[in-house]
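First the structure, in the form of structure tokens, and then the observations on it.
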Amino acid sequence: MIISRGFHGRRPTADRKLPPGQYETTGFPVLSAGPTPRLSAADTELSVTAETGRRHTWRWADLMALPSERPTVDLHCVTKWSKFETRWEGISLDVLLADVETDADHTLVSSHGGYTTNIPLADLLDGKAWVVHTYEGEPLAPEHGGPLRLLVPHLYLWKSAKWLRSIELRDEDEPGFWESAGYHDYGDPWREQRYRGD
Amino acid sequence: MTSEEHLPDDHVDGNALAGPLAEVFTADVTVAQSECAHCGATGPVARLLVYRDAPGLVARCQECGQVVLRYVRTASAAHLDMRGTVTLAFSLAPE
């Protein structure tokens, strides 16, 4: 089952809104804090660990068997570029977390290579976030986070962790890779929350 | 660094830190000897692997690939995260 969520067709240019301080790009810049891992989809395993310690895992075939969605979303990078109407395919976090029992308010997302980012659990639910494997109809390229990345388009793009490996549900908030080095804990582009204290 | 394979990337050497860090250090950081907190490797900062196509500068150990230091320049502050560094040693002229 595939559900298309988000925008349909191309919006008129006048309807495209940029958050404060952003400019539009039609390319897809590659930003990375380290080497790009060469990961095989077949060996992919995604885990979600609740605050109780209970661990849920999905292998690639498990993920592909879940209901899929095709969100079309705008991306906003904290380095000030925005890209309109990017088309993805993946699994809603609502689906992934449906059977995970938790009272946690926070998450710490981890990638292959050691990258981490913290996101409130509420920001991963209610149709706001996906685990994506396809971009513009093609398998997601390694430089853009393939085979599997997080997509949380209402926050700055550093929150959409590439090379996704695990999501830890936590009672306490723990700053991630950029958040602990001066970037904003939440990262709302519409409130221009780039740096700590913004 | 894990045993994962990696694709070619666009990192540069630690000399790329000279300009940005001149804003916070009076000495030339690139000739200082850094000791990696992960593997213990030592060497001049100029030999670190620097990733700069990112929201900040990320310098990784030339031996193990782990993060040695991160530098984020905001509109009003400089954040230098050195939890991956044991020491940063500067040679000084005798007094």
Side-chain angles (χ1 to χ4, degrees), chain A residues 20-21 27-40 43-45 76-81 110-117 141-147 155-163 165 175-185 187 189 192-198, chain B residues 1-14 16-17 19-21 23-25 29 34 36-39 41 45 47-85 88:
Chain A
F28 196 167
V30 174
L31 276 73
S32 187
T36 299
R38 188 194 297 271
L39 304 169
S40 114
D43 294 334
T44 292
E45 182 174 283
H76 307 296
C77 178
V78 75
T79 60
K80 299 196 172 179
W81 59 263
S110 298
S111 302
H112 291 274
Y115 180 80
T116 56
T117 187
E143 63 268 28
H144 290 305
L155 301 178
Y156 280 124
L157 196 56
W158 91 76
K159 298 285 187 179
S160 295
K162 298 178 180 182
W163 314 304
R165 185 170 67 176
F177 186 90
W178 289 120
E179 294 85 356
S180 62
Y183 277 91
H184 199 277
D185 205 45
E192 207 168 0
Q193 294 173 333
R194 299 181 194 276
Y195 305 116
R196 192 180 300 159
D198 282 349
Chain B
M1 187 86 66
T2 68
S3 58
E4 289 164 353
E5 285 185 62
H6 298 109
L7 296 169
D9 59 45
D10 293 329
H11 73 263
V12 294
D13 70 34
L17 298 170
L21 292 186
E23 196 174 17
V24 290
F25 286 99
V29 171
S34 67
C36 174
H38 307 280
C39 73
V45 168
R47 285 190 59 208
L48 298 176
L49 314 178
V50 175
Y51 292 81
R52 55 182 178 178
D53 294 327
L57 290 168
V58 179
R60 292 177 175 270
C61 175
Q62 69 277 11
E63 299 295 334
C64 74
Q66 294 286 354
V67 177
V68 171
L69 63 87
R70 293 176 290 171
Y71 181 71
V72 170
R73 177 68 163 89
T74 76
S76 58
H79 296 259
L80 185 61
D81 184 310
M82 298 187 64
R83 73 188 74 181
T85 312
L88 202 55

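In the text below, chain A, chain B and the rest are named by the order of the sequence lines, each starting its count at 1.
When each of Pro37(A), Gly182(A), Ala33(A) is checked for heavy-atom pairs under 4.5 Å with chain B, Ala33(A) comes out on top.
Of the atoms belonging to Arg83(B), it is side-chain heavy atoms, and not backbone ones, that fall under 4.5 Å from chain A. Only the side chain of Val67(B) comes within less than 4.5 Å of a heavy atom of chain A; its backbone N, CA, C and O stay farther away. There is no contact between Tyr156(A) and chain B, counting heavy-atom distances below 4.5 Å. Interface residue Asp53(B): backbone and side-chain heavy atoms are both found under 4.5 Å from chain A. Contacts of Thr79(A) with chain B are made by side-chain atoms alone, with heavy-atom separations under 4.5 Å and no backbone atom involved.
In terms of heavy atoms, Gly34(A) sits closest to Arg60(B) at CA-NE, 3.3 Å. Listed here is the closest heavy atom pair of Tyr195(A) and Ala75(B): CE1-N, 3.8 Å. When all heavy atoms of Ser32(A) and Ala54(B) are compared, the pair lying nearest together is O-CB, 3.6 Å.
Contact annotation: the side chain of Trp178(A) approaches that of Val58(B) to within less than 4.5 Å [non-hydrogen atoms, C-beta and beyond].
Taking Lys159(A) as the reference, Glu179(A) meet the side-chain hydrogen bond (donor to acceptor under 3.5 Å, both in side chains) condition, with sequence neighbours excluded. With sequence neighbours left out, the salt bridge (Lys or Arg N to Asp or Glu O under 4.0 Å) criterion links Arg196(A) to no other residue.
Annotation: the span from Glu5(B) atom CD to Thr36(A) atom OG1 amounts to 13.0 Å, rounded to 0.5 Å. Separation of atoms CZ (Arg194(A)) and OG1 (Thr74(B)) is listed at 12.0 Å; rounding is to 0.5 Å.
Between the Tyr183(A) side chain and the Pro55(B) main chain, a donor and an acceptor come within less than 3.5 Å of each other.
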